[in-house]
Amino acid sequence: MEVSDPDAIVNVEGLSITYRTVYGNLQALNTVDLKIKRGESVAIVGESGSGKSTLGLAIVKLLAPNAYYTKGRLLLDGRDITKLSNRQVSLLRGSTAFMIFQDPLNTLNPVKRVDVQMLEAIRSRLKQKGETFNEEAAYQEAIDKLKDVRMPDADSIIRRYPHQLSGGQIQRVVIAMGLLMKPKLMIADEPTSALDVTVQAQVLDLMRELQQEFHMSIIFITHDINVAHSISDRMVVMYAGEVSEASPADVLVKKALHPYSQALIASIPTTSKKEGQLNAIAGSPPDMISPPKGCRFHPRCPFVMDICSRESPRTVTKDESDVRCYLYG
Ligand code: SF4
């Protein structure tokens, strides 16, 4: 099925994803709804195992081979990628979205210089469009893109191998390579957590600037509420494979509605080296092979009611927030 909302670059409707494991089927996502508008920056927040990375990978169909879509639709730039072949998705991904990861070195080929890798990316883009490759023009484009990501000394950096670059420089090269494809969407999965605080702030600023400059959408996946708030227009909180709350970023930080969101906000340390990281919330995340019945948060929720352990709450809209909790209807 094709475009349902032309303003949305991503439209996820009732999506469920399961991983087959030796211990049984792991329900990584359960009936997830998510819409990302063109030009919008959305942070997906949650603890480890909440499904946030699975959701990011699913949007560009880069899931592990033991994952399968069990329900729902996933429209990327108007096309349902659950129904496309791997080749069709690869073409769509190349022209629409790119993903950056916590360890950007894995994205680059360690035995090829930056210029070789960037020229290969340009050649691939031109080939897809049936256009002619010109090495001189491509080299200049690669330099321009490195300058777009504010890379100091781009003429020298482009001739280096990945191991000759710092963590911040590698992340900039990866972003520059993504920009070569003229994407509409950048998905970043914990892209700054391996960087020191100063470089982290520079990369976050850069992503914000690029979003404005290239009118891209950003999906920023993180466990760090402060980082999420600093980069996003809207925040989506995930718990145990479900979206528990989605709100404008300022609203979520000032007036979280879902008890899990409230616990996340309350757990942010205000003064310490680990500022911005999440402290443990009482109880443990559930076993996703046999998650709790009803609301998946109920074994840890201080407001639990009888109905919470019997039936799964539906998502309701309260003021500017969408929240999945019986406290709101
Ligand atoms: Fe807590 Fe019930 Fe709301 Fe779940 S539905 S978050 S258990 S109050």
Side-chain angles (χ1 to χ4, degrees), residues 12-19 24-35 42-56 58 70-72 220-229 232 234-269 276-329:
V12 178
E13 295 172 356
L15 185 71
S16 297
I17 287 178
T18 298
Y19 289 104
N25 287 342
L26 189 152
Q27 301 169 26
L29 295 184
N30 184 42
T31 58
V32 167
D33 293 321
L34 176 73
K35 194 179 282 192
V42 173
I44 301 177
V45 187
E47 292 169 296
S48 177
S50 61
K52 58 191 191 302
S53 293
T54 295
L55 180 55
T70 51
K71 256 194 314 191
F220 199 96
I221 297 164
T222 181
H223 65 281
D224 188 324
I225 294 265
N226 282 335
V227 167
H229 181 239
S232 66
R234 204 153 53 89
M235 282 161 69
V236 172
V237 179
M238 291 196 67
Y239 183 79
E242 296 177 342
V243 172
S244 53
E245 182 166 359
S247 305
D250 284 341
V251 172
L252 194 122
V253 167
K254 288 187 191 132
K255 199 181 161 204
L257 296 180
H258 195 282
Y260 176 61
S261 313
Q262 292 169 353
L264 282 183
I265 305 285
S267 71
I268 300 173
Q277 294 189 338
L278 304 180
N279 286 343
I281 295 169
S284 315
D287 171 5
M288 295 300 286
I289 290 176
S290 53
K293 282 202 175 121
C295 170
R296 292 184 171 188
F297 188 57
H298 85 259
R300 302 171 79 183
C301 180
F303 306 103
V304 61
M305 301 172 275
D306 281 349
I307 192 173
C308 303
S309 59
R310 291 199 310 269
E311 287 172 44
S312 182
R314 64 193 176 87
T315 301
V316 295
T317 301
K318 167 110 175 112
D319 302 324
E320 296 176 87
S321 304
D322 295 325
V323 59
R324 188 171 187 155
C325 173
Y326 283 120
L327 292 172
Y328 306 96

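In listed order, ligands and their atoms are each counted from 1.
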**Prompt:** Is the Tyr239 ring parallel, tilted or perpendicular to the Phe297 ring (thresholds 30°, 60°)?
**Reply:**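 Plane angle over 60°, so perpendicular.
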
Can you tell me the protein heavy atom closest to [atom] and the distance?
atom: atom 5 (S) of ligand 1; answer: Tyr326 N, 3.3 Å
atom: atom 3 (Fe) of ligand 1; answer: Cys325 SG, 2.3 Å
atom: atom 2 (Fe) of ligand 1; answer: Cys308 SG, 2.3 Å
atom: atom 1 (Fe) of ligand 1; answer: Cys301 SG, 2.3 Å

Which ligand 1 atoms, with their elements, are less than 4.0 angstrom from a heavy-atom of [X]?
X: Leu327; answer: 8 (S)
X: His258; answer: 6 (S)
X: Phe303; answer: 8 (S)
X: Cys295; answer: 4 (Fe), 5 (S), 6 (S), 7 (S)
X: His298; answer: 7 (S)

**Message:** Side chains of Asn30 and Ser16, heavy atoms from C-beta outward: is any pair under 4.5 Å?
**Reply:**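 When only atoms from C-beta onward are counted, Ser16 and Asn30 do touch, with a gap below 4.5 Å.
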
**Thr54 and Tyr19 side chains, donor-acceptor separation under 3.5 Å** =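 Yes, side-chain donor-acceptor contact under 3.5 Å.
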
Once rounded to the nearest 0.5 Å, what's the spacing between atom [atom1] of [X] and atom [atom2] of [Y]?
X: Cys325; Y: Leu257; atom1: SG; atom2: CG; answer: 8.5 Å
X: Ile44; Y: Leu55; atom1: CD1; atom2: CG; answer: 4.5 Å
X: His229; Y: Thr222; atom1: NE2; atom2: OG1; answer: 13.5 Å

**Message:** Donor-acceptor pair, distance only, cut-off 3.5 Å: does the side chain of Asp224 make one with the backbone of Asn226?
**Reply:**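 Yes; judged by distance alone, with no hydrogens or angles, the pair exists.
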
